[in-house]
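Encoded as structure tokens, the structure appears first; notes follow it.
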Amino acid sequence: MSDRKAQGVSETAIVLEIYDRLYAAFGPQNWWPADSPFEVIVGAVLTQNTAWTNVEKAIARLRENELLDTEAMMQVPEERLAELIRSSGYYRLKAQRLKAVLRFIFQSYNGRLDQMFKTEGSVLRQKLLSIKGLGPETVDSILLYAGAFPFFVVDAYTRRIFSRHEMINEKQSYHEIQNYFMTGLSNKTRLFNEYHALIVRTAKSYCHKILPDCVSCPLGTLPGFEKQIRETK
Ligand code: SF4
């Protein structure tokens, strides 16, 4: 148990303090980097198991070919779609996944994202999770960043940072970790939006997998965590 927890500081207070520190250090991150909700959905599928720079190249090719549109992407042959998104890796699989998402949007909502996002959040979440190849991180990214639903996105960076601070166990399930953040911070879409982006920024800037830079990191002076951070080094 961290010193702070032992002192009776609530989990919510710690989670909010971390947010405040990261926001003060990095400012607004303006996520998700996309021009439309459909582009967010495409990016959320393409970013699976690859770096965002590879996704950007694929999105640029889709834009050049005027395919960042549900109707246009639904019409394009899957093989052609795969070719255009090649830079994102696992491109045949990702083309299949994009087509599966599109079939769902057309079969259930007549191709209308505005209709899809009128569905109650937890109902839509279950429906999206039933699409082959969409796991909770992808689905929650879509719900939060394309649909403005209050679902906290958990990724490898979240596990790394918060387990290093002994607030979660890295091996906990996705939903256990998500519940940790959402308990006490319910229905805070704006906060969840910014918080996930700030976590990604922190991990990329300081909380590297090997040799985290705790001295420079905005969380390096978080009171009560000095012991854990020393052990991380
Ligand atoms: S770099 Fe150090 S202080 Fe910053 S989040 Fe990672 S473990 Fe915490």
Side-chain angles (χ1 to χ4, degrees), residues 1-33 40 43-44 47-56 135-141 143-145 150-233:
M1 183 189 289
S2 74
D3 295 348
R4 285 175 63 110
K5 284 189 221 169
Q7 289 161 13
V9 179
S10 80
E11 292 295 308
T12 303
I14 300 172
V15 169
L16 284 173
E17 181 169 348
I18 288 177
Y19 173 81
D20 288 342
R21 281 176 176 246
L22 296 181
Y23 190 85
F26 297 120
Q29 300 298 296
N30 302 314
W31 271 37
W32 182 289
V40 174
T47 201
Q48 294 172 337
N49 302 307
T50 197
W52 184 253
T53 48
N54 298 327
V55 177
E56 283 176 327
E137 184 184 335
T138 305
V139 167
D140 288 332
S141 296
L143 290 169
L144 179 62
Y145 290 105
F151 289 100
F152 198 93
V153 177
V154 176
D155 67 353
Y157 296 141
T158 315
R159 288 176 189 275
R160 184 189 301 164
I161 291 172
F162 288 85
S163 64
R164 281 177 171 171
H165 287 264
E166 292 189 355
M167 296 170 70
I168 60 168
N169 180 325
E170 202 166 5
K171 294 194 168 48
Q172 278 178 280
S173 73
Y174 183 97
H175 290 106
E176 284 171 336
I177 297 174
Q178 185 181 54
N179 283 340
Y180 172 82
F181 286 96
M182 289 178 65
T183 303
L185 299 180
S186 58
N187 291 317
K188 297 230 172 15
T189 299
R190 187 67 233 158
L191 179 74
F192 292 170
N193 175 318
E194 203 64 72
Y195 210 149
H196 176 62
L198 288 166
I199 286 169
V200 173
R201 177 75 184 266
T202 306
K204 288 188 171 173
S205 301
Y206 302 109
C207 202
H208 314 300
K209 197 167 185 179
I210 300 168
L211 293 178
D213 182 3
C214 300
V215 173
S216 311
C217 178
L219 303 186
T221 54
L222 205 59
F225 286 114
E226 296 87 347
K227 176 170 163 285
Q228 291 94 306
I229 291 169
R230 271 199 307 276
E231 288 167 355
T232 304
K233 289 182 194 169

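In each ligand, atom 1 is the first atom listed, and ligand 1 is the first ligand listed. Quick note: numbers below take in every heavy atom, side chains included, and nothing from hydrogens, waters or symmetry partners. When a residue number appears, it is its place in the shown sequence, counting from 1.
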| query | At a 4.0 Å threshold, what atoms of ligand 1 neighbour a non-hydrogen atom of P212? | reply | 1 (S)
| note | Per-atom filter on ligand 1: closer than 4.0 angstrom to a heavy atom of Y206 are 1 (S)
| said: atom 2 (Fe) of ligand 1 and C217: any N/O/S contact shorter than 2.8 Å? | reply: no
| request: Just jot down the ligand 1 atoms closer than 4.0 angstrom to any heavy atom of G220, in number order. | output: 3 (S)
| task | Measure from the side-chain N and O atoms of N179 to the backbone N and O of H175, and report whether any donor-acceptor pair falls under 3.5 Å. | result | yes
| query | Sub-3.5 Å donor-acceptor pair from the side chain of R21 to the main-chain atoms of P218, do we have one? | reply | yes
| query | Short question: side chain of E194, backbone of Q29 - any donor-acceptor pair under 3.5 Å? | reply | yes
| Are Y19 and L185 side-chain neighbours, meaning at least one heavy-atom pair lies under 4.5 Å? | no
| task | Give a yes or no on whether the backbone of G220 and the side-chain of Y206 come within a donor-acceptor separation of less than 3.5 Å. | result | no
| remark: Candidates R21, H165, H208; heavy atom nearest atom 8 (Fe) of ligand 1 found on H165
